[in-house]
Number of protein chains: 2
Amino acid sequence: MKRELDHKLHLRNIKPTAMRQLVLHVLTEQSTAISLPELEQIFDRADKATLYRTLKTFEKNKLIHRINDGAGPVKYALCQDTCKCQPEDLHVHFLCTKCNQTYCLTEIPIPDITLPAKFSFENVNMVVKGVCANCAI
Amino acid sequence: MKRELDHKLHLRNIKPTAMRQLVLHVLTEQSTAISLPELEQIFDRADKATLYRTLKTFEKNKLIHRINDGAGPVKYALCQDTCKCQPEDLHVHFLCTKCNQTYCLTEIPIPDITLPAKFSFENVNMVVKGVCANCAI
DNA sequence: TCTGACTTTGCAACCCGGTTGCATCAACTT
DNA sequence: AAGTTGATGCAACCGGGTTGCAAAGTCAGA
Ligand SMILES: [Mn+2]
Ligand SMILES: [Mn+2]
Ligand SMILES: [Zn+2]
Ligand SMILES: [Zn+2]
């Protein structure tokens with residue numbers, strides 16, 4: 001277990017401190033994305049700034065990606081092992097309006113868009129809102 | 001001029017107060033979306049809460065729509081006259097990474113997505129990032 | 001025209017997510 | 001052991017967003 005976490009950190013060139021192991025452990029347990037405030041509640045003895053900087057480090061090193069679903073705080077989810085956070089790694093996200101959980105739809109790539117003349121493409125964010133399978137009646 | 005603004009307000013069932021006329025006037029002048037903090041700077045004598053509630057009223061009555069481009073504050077842009085803020089009215093937005101302006105690409109509808117089983121669709125937000133025509137070299 | 005109900009505005013204060021400065025602590029190098 | 005670097009903890013701050021409340025404005029009915 002701990003081995004695998006350390007390995008994941010190592011692959012992304014992140015030094016395996018105790019804090020980082022704990023945070024990564026929590027992240028791997030989630031089936032949906034998690035925000036900094038949620039993380040604060042899970043570790044109620046940990047410092048917000050440390051958690052914040054841990055997420056920053058993870059994001060910079062492409063261990064996690066940030067998701068802006070438009071509903072409150074930014075959320076984070078683990079990247080796939082092969083992810084380089086390039087356009088081809090981008091996928092659709094889904095925000096459930098009932099449970100407020102945000103899902104990575106990693107198998108759904110974002111469709112191509114034809115931009116107006118002289119507009120160049122760098123990146124794209126696509127969030128679908130609706131009701132998730134868990135919340136469906 | 002003032003006639004047209006009042007007419008727009010009337011069409012959306014918004015009482016034409018002085019404040020609302022001023023804000024709508026500013027909104028019609030913009031070619032890109034504008035945030036509440038930006039609006040505060042334009043009217044530096046106006047109260048933030050009043051501007052805030054004015055935007056809320058406009059949004060509720062579908063005179064403007066909110067754009068969450070993931071870069072700082074929420075921005076707002078005028079809806080088309082025919083807009084009912086339904087899925088068919090949704091369009092792609094474009095955030096320029098150089099000038100930080102957000103464009104409504106009203107002629108580009110958001111492509112359909114096939115969601116996983118039991119996930120239902122309500123809404124979608126799509127923001128493309130890149131460099132706009134004005135900032136292109 | 002006066003009155004009372006309702007809406008809008010202005011001001012102040014607050015909330016919360018995000019961010020930073022700084023001192024301390026831990027790990028690693030020489 | 002001493003020095004260097006990076007990580008952590010704590011406190012404070014910032015900015016966008018939001019609310020409570022009283023004053024001002026609007027307007028219909030008496
Ligand atoms: Mn994702
Ligand atoms: Mn738009
Ligand atoms: Zn759900
Ligand atoms: Zn631009």
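Numbered from 1 within each chain, the chains take letters A, B, ... in sequence-line order.
The list of ring pair (Phe, Tyr, Trp, His ring centres under 6.0 Å) pairs with a residue in residues 36-73 of chain A, not counting sequence neighbours, reads His65(A)-His91(A), His65(A)-His93(A). Screening residues 4-14 of chain A for salt bridge (Lys or Arg N to Asp or Glu O under 4.0 Å) gives Lys8(A)-Asp81(A) as the qualifying pairs, with residues at least two apart or on separate chains. For the side chain to side chain donor-acceptor pair (under 3.5 Å) condition, the pairs that include at least one residue of residues 104-130 of chain B, sequence neighbours left out, are Thr97(A)-Glu122(B).
Shown here are the side chain to side chain contact (heavy atoms under 4.5 Å, CB included) partners of Val74(A), two or more places apart in sequence or in another chain: Arg66(A), Asn68(A), Tyr76(A). Remark: His25(A) engages Met1(A), Leu5(A), Thr28(A), Glu29(A) in a side chain to side chain contact (heavy atoms under 4.5 Å, CB included) (not counting sequence neighbours). When the side-chain hydrogen bond (donor to acceptor under 3.5 Å, both in side chains) test is applied to Thr50(B), the partners found at least two apart in sequence or on another chain are Asp47(B). Residues satisfying the side-chain hydrogen bond (donor to acceptor under 3.5 Å, both in side chains) criterion with Gln30(A), sequence neighbours excluded, are absent altogether. Applying the side-chain hydrogen bond (donor to acceptor under 3.5 Å, both in side chains) criterion to Lys62(B), with sequence neighbours excluded, gives no partner residue. Residues meeting the side-chain hydrogen bond (donor to acceptor under 3.5 Å, both in side chains) test with Ser35(B), sequence neighbours left out: Glu38(B).
Following rounding to the nearest Å, Phe43(B) (CZ) and dT9(C) (C1') show an atom-to-atom distance of 14 Å. The nearest whole Å value for the distance from the CG atom in Asn68(A) to the C1' atom in dG16(D) is 14 Å. Asn61(B) places its CG atom 13 Å from the P atom of dT7(C), with the value rounded to the nearest Å. Atom P of nucleotide dG9(D) and atom CG of Asp44(A) are separated by 14 Å, given to the nearest angstrom. Distance, Ile14(B) CD1 to dT26(D) P: 18 Å, rounded to whole Å. Counting to the nearest Å, the C1' atom of dT20(C) and the CG atom of Leu51(A) are 16 Å from each other.
At a threshold of 4.5 Å between non-hydrogen side-chain atoms, the residues Glu40(A) and Leu51(A) count as touching. Under the 4.5 Å side-chain criterion, counting only non-hydrogen atoms from C-beta, Met126(B) is in contact with Ile110(A).
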For a quick check, with a 4.0 angstrom heavy-atom cut-off, what is the B/S/- contact string for nucleotides 23-30 of chain C, read 5' to 3'? --------

Base-contact (B) and sugar-phosphate-only (S) positions in nucleotides 11-19 of chain C, heavy-atom cut-off under 4.0 Å, - elsewhere: BB----SBB

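Scanning residues 17-32 of chain A for heavy-atom distances under 4.0 Å to DNA chain D yields Thr17(A), Met19(A), Arg20(A).
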